[in-house]
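Structure, as structure tokens:
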Amino acid sequence: IFQNIKHFCDHINILFRQNGLYAQGMDNSHISIFELSIPVAWFDAYRFPYESDVHIGVNVALFFKILNTRDEGQEIFIKYDKECSPDKLLLHFITSATASSKTLFDKHFELPLMDIDSEIMHIPSVDYQAEFTLASANYFNLINQLKQFGADLTIKCNENEIRLLANSQESGNMSVTVPIDELSLFAINEGEQLNLSFSLSHMSNICSFYKASSEINIAISVDYPLRAIYYLEKAPDEDEDPLSKARLFVYLAPRVDDE
């Protein structure tokens, strides 16, 4: 996740809360926003001794560089003490007692923190006109193929089919019909005909998170940003609250017709 957040921003505020971890950021062009939410239940252990939320600012590339040194078989311990060391985050990669390798060594890091002047944006809930879920690796491949044929992605959606299109004068055009029967989920308002366009480069950034989850959920509606969801654990059942799951939401504003 942090490997690909750098496509959106260089620095982010991470919030530690009583109910878990939260981070939000916007890309430099201000057309795409991500939200990362990891509830307490996702962690093996989570202790929060403070009465109010704790904000820490981190350099995304440096944070990823540290996380990338973890070896399989090592557990991650993250500690922040705002009284004793308010200017750094401590990370420890401790070799599990059950690890099979005898050559793993414990690692310890101090990540310098930053003061980042940003406010958390409220993103209103939207009843989307259509949504569908498919394998995230398949969507990643399709978007990167379409990216070779134009700058914009057009999504055409009705009750019978979903079509993804890209075109340019130099490269011609490419279109993909996504079989509805192959989707894990497909829902659309009765009689709806949607025709929306989005930046393919920004959509490619969204797809770069595909390794975080086996599926991606896409929701679209006229005059609202596209919403993409990656669940970092089993997707919620119909009777479960989606907000109780570890998840990454990414929003992308549609192209605006100059006319």
With heavy-atom distances below 4.5 Å as the criterion, would you say the side chains of [X] and [Y] are in contact?
{"X": "Leu252", "Y": "Pro225", "value": "no"}
{"X": "Pro254", "Y": "Val222", "value": "no"}
{"X": "Ser204", "Y": "Asn144", "value": "yes"}

### Quiz item: cation-pi between Arg247 and Tyr230, 6.0 Å / 45°
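No, Arg247 does not sit over the ring of Tyr230.
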Under 6.0 Å between ring centres, would you say that holds for [X] and [Y]?
{"X": "Phe34", "Y": "Tyr251", "result": "no"}
{"X": "Tyr210", "Y": "Phe140", "result": "yes"}
{"X": "Phe63", "Y": "Phe2", "result": "yes"}

### Task
Taking atom types as modelled, find out whether His202 and Asp27 have a side-chain donor-acceptor pair closer than 3.5 angstrom.
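Their side chains do contain a donor-acceptor pair, which is all the 3.5 Å distance test asks for.
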### Query
Going by atom types alone, do Tyr231 and Glu233 pair a side-chain donor with an acceptor below 3.5 Å?
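Not at all, the side chains of Tyr231 and Glu233 share no donor-acceptor pair under 3.5 Å.
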### Interatomic spacing from NE2 in His55 to CG in Leu15 - rounded to 0.5 Å
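It is 4.0 Å, given to the nearest 0.5 Å.
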### Query
Is Val54 reachable from Ile14 through a run of hydrophobic residues whose side-chain heavy atoms are each under 4.5 Å from the next?
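The answer is yes; both residues are in one hydrophobic cluster.
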### Message
Checking Ser201 now: which residues fulfil side-chain hydrogen bond (donor to acceptor under 3.5 Å, both in side chains) with it, not counting sequence neighbours?
### Response
Ser199
